[in-house]
Amino acid sequence: MRIGKALQLAVTLLAAAFLLVPTIQSVLAGVTVNYFQGIRSGLTLEWIAVVWELYASSIFLSLGIALACLCVTLVIGVPAAYALARSPGRLSRAVEEFISLPLAIPGLALALALLQLYGSYKGFRMSPAFILVGHVLYTLPFMVRSVQSVLAAIDLRTLEEGAATLGAGPVRRFFDVVVPNALPGILAGALTVVTLSIGEFNLTWMLHTPFLKTLPVGLADSYASMRLEIASAYTLIFFVMIVPLLLAMQWASARAQRMSQ
Amino acid sequence: MTLTLRNIAKTYPGGTRALLPTDLDIAEGEIVSLLGPSGCGKTTLLRIIAGLETADAGAEIRFKDDDITHQPVERRKVGMVFQSYALFPNMSVRGNIGYGLKMQGLPRAQIDARVDEVIALCRLEPYAGRAITALSGGQRQRVALARAFAPRPRLLLLDEPLSALDAALRGQLRDELAALLRQFGITAIFVTHDQDEAMAIADRVAVMSQGRVAQIGTPEALYRAPQTAFVARFVGNSMPLGGRIEGSQLHLPGGTLALTAPSDGKAAFVRAEDVRLAEHGPLTARVTAVTFLGTHYRIALSGATEDTLFCLHQGQSAPKPGETVRLAIAPQSILILSPEKAAA
């Protein structure tokens, strides 16, 4: 029995080490003066400064696209989820599947389709809006599903009827009753959208131009063309940005799930 | 008349007729109950009055001189209490009660004053700041009533307002609701499937069956003078006697009963409390079951009529199952319906 426990612990630690060691090594490499000499060469924040100098625009571009993507998915996704929740039926199911289609298609294929369709519109092709369109297509299903599952759990129709008998027109009902009660789903969806948009690589790599590199595209670029320390420092920055988002996302999803039970 | 309903019918797309053309007039301050079993069209009628469903073409709903037939629900100024209450979980008790006033665009101070007034009227002071989820079923029911009443609707509609509560609470809240509605002095229509509820709360009861109003009248009138077999059974708890009427006699399998007068009626009914055990009664029956109910016994009898006949017997003891007893029914407690009414 004791041996079994010890074995269990060993396997767990091994698995954790398997996941954590490369991460720690990468983070350490980013703050080491010279990676080939190892940690003895001393610790420094110099590489982080270099990354900031070289790739600050990528970081801001990613944040900008993520926020814009959030706005678009909120404006399209919340009403769409509401419409789907209000009239469940075969047509709604079909629409839902259709919205979710970009999840099943590889990002590369989606990017290729966008390039074929819009590649000749130079102004659009060269603008951040082009990447934004890709991100919206990719993240929209997450917003719709998250909001929809919360809305499905409440008696939306009766709540709205209640508001209507009290004198609220359709617009007031949407903002006073639907949106506040869907909030946990909206929050969970919003965090998912931002996290996915900041981390998205596949599609973005195909859509980007040399002047428009997002955070992960810049990361690939730094791996390919910079010193290992710089690439590692970049990874560190990426972690710092994405890990809190991931944690918040998990918390919000758990909350939304509790609400819909 | 405050509320005039003419030719209100509802046919669903599949062709199901939920409500056959119905007329109804309701006076100012009157409390009317729509009573009937599930599927009789009572909730459909209520929702059409509220504006939550549209009636078939040709309907007319007037409130005094105001034709509201085609007005959307949010402009009808009707308050509604839903079966599930439909309270907004994202607002407090105060927020819920004040919502209708907010929709009227009243200034903050006026809203607060009116909310306070309604909260006091419904004795909700201890709960005013609470979240909806922190309330019991009975409290929620009162908040739903307060919310519907606060914006001074011209008509209050209640859809099975007590059915979500457990039985013990229901009786108590029924009397409370009746008292509050009188205090409000508002014209109200409420839907229920429980005849005790309808009798206790309403001035007039419209008994509905299969998409039409079978009879409308005061609780006493419905109980004492039902116009159809359905009303006799549903409201009056009357049992059909069956048998054959010949002149002033009713021939039954267990014997012959005297009627008050010669009748060409078709169907005879009697209530269980009017069936008496009598040593020399004209009917013979066999006891099949006896239930002791505290104040009385409920005795099931076979052989006297085609179906089982029940007798409510007040006494210190009751016959045992299997025994043969004799029964009497006073002529004036036998209700006779004419052929056309008996069919309805």
Side-chain angles (χ1 to χ4, degrees), chain A residues 74 77-79 81-83 85-92 146-190 252-261, chain B residues 43 46-47 49-53 68 71-92 95-106 111 115 118 131-133 140 143-160 164 189:
Chain A
L74 281 176
V78 177
Y82 166 67
R86 260 312 288 266
S87 47
R90 214 175 305 162
L91 189 68
S92 299
S146 174
V147 177
Q148 204 188 344
S149 71
V150 169
L151 287 181
I154 54 181
D155 187 358
L156 199 60
R157 184 177 288 273
T158 314
L159 282 182
E160 271 200 78
E161 285 181 348
T165 58
L166 292 165
V171 178
R172 291 303 304 250
R173 299 204 285 269
F174 182 74
F175 285 106
D176 289 351
V177 176
V178 179
V179 170
N181 287 299
L183 217 51
I186 295 176
L187 186 65
S253 309
R255 215 179 79 133
Q257 216 145 51
R258 265 204 313 280
M259 285 278 299
S260 61
Q261 265 160 16
Chain B
T43 298
L46 191 80
R47 288 175 62 84
I49 298 170
L52 295 170
E53 306 236 10
I68 61 171
Q71 247 176 25
V73 49
E74 60 264 27
R75 292 225 301 273
R76 285 198 184 184
K77 293 194 208 118
V78 294
M80 179 132 171
V81 176
F82 291 82
Q83 190 170 2
S84 60
Y85 310 140
L87 296 171
F88 308 131
N90 55 308
M91 298 178 202
S92 68
N96 268 278
I97 297 174
Y99 187 75
L101 299 160
K102 207 170 100 186
M103 289 305 108
Q104 294 177 349
L106 295 179
I111 296 178
V115 170
V118 176
I132 295 305
T133 44
R140 285 179 200 207
V143 174
L145 185 65
R147 182 181 74 172
F149 178 63
R152 298 189 176 84
R154 40 191 185 183
L155 183 67
L156 195 58
L157 306 173
L158 304 97
D159 185 9
E160 300 262 9
I189 304 175

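A, B, ... follow the sequence lines: proteins, then strands. Residue 1 opens every chain. Owing to the predicted nature of the structure, the values given are computational and were not obtained by experimental measurement.
Only the side chain of B:P151 comes within contact range of chain A, judged by heavy atoms closer than 4.5 Å. Proximity to chain A is absent for every atom of B:L101, based on heavy atoms less than 4.5 angstrom apart. Only the side chain of B:K102 has a heavy atom closer than 4.5 Å to any heavy atom of chain A.
With respect to chain B, the highest number of heavy-atom pairs below 4.5 Å among A:G169, A:P170, A:A168 belongs to A:A168. No other option in A:G167, A:G162, A:P180 has as many heavy-atom pairs under 4.5 Å with chain B as A:G167.
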Full working for side chain to side chain contact (heavy atoms under 4.5 Å, CB included) between B:R47 and A:E161: CA-CA 10 Å; B:R47 288 175 62 84; A:E161 285 181 348; 2.5 Å; yes

Show your working on side chain to side chain contact (heavy atoms under 4.5 Å, CB included) between B:M103 and A:D176 and close with a plain yes or no. CA-CA 11 Å; B:M103 289 305 108; A:D176 289 351; 3.4 Å; yes

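Considering CD of A:E160 and CG of B:L52, their distance stands at 11.0 Å, rounded to 0.5 Å. Once rounded to the nearest 0.5 Å, the distance linking OG1 of A:T165 with CG of B:L155 reads 11.5 Å.
At least one side-chain heavy atom of B:R147 sits less than 4.5 Å from a side-chain heavy atom of A:L166. Between B:E74 and A:R172 the shortest side-chain heavy-atom distance does not fall below 4.5 Å.
The environment of A:R157 atom CZ is sparse: at most 12 non-hydrogen atoms of other residues, nucleotides or ligands sit within 6.0 angstrom.
Proximity of a side-chain donor or acceptor of B:N90 to a complementary backbone N or O of A:A182 within less than 3.5 Å is not detected.
Shown are B:F88, B:Y85, B:F82; of these, the side-chain contact (heavy atoms from CB on, under 4.5 Å) with A:L159 is made only by B:F88.
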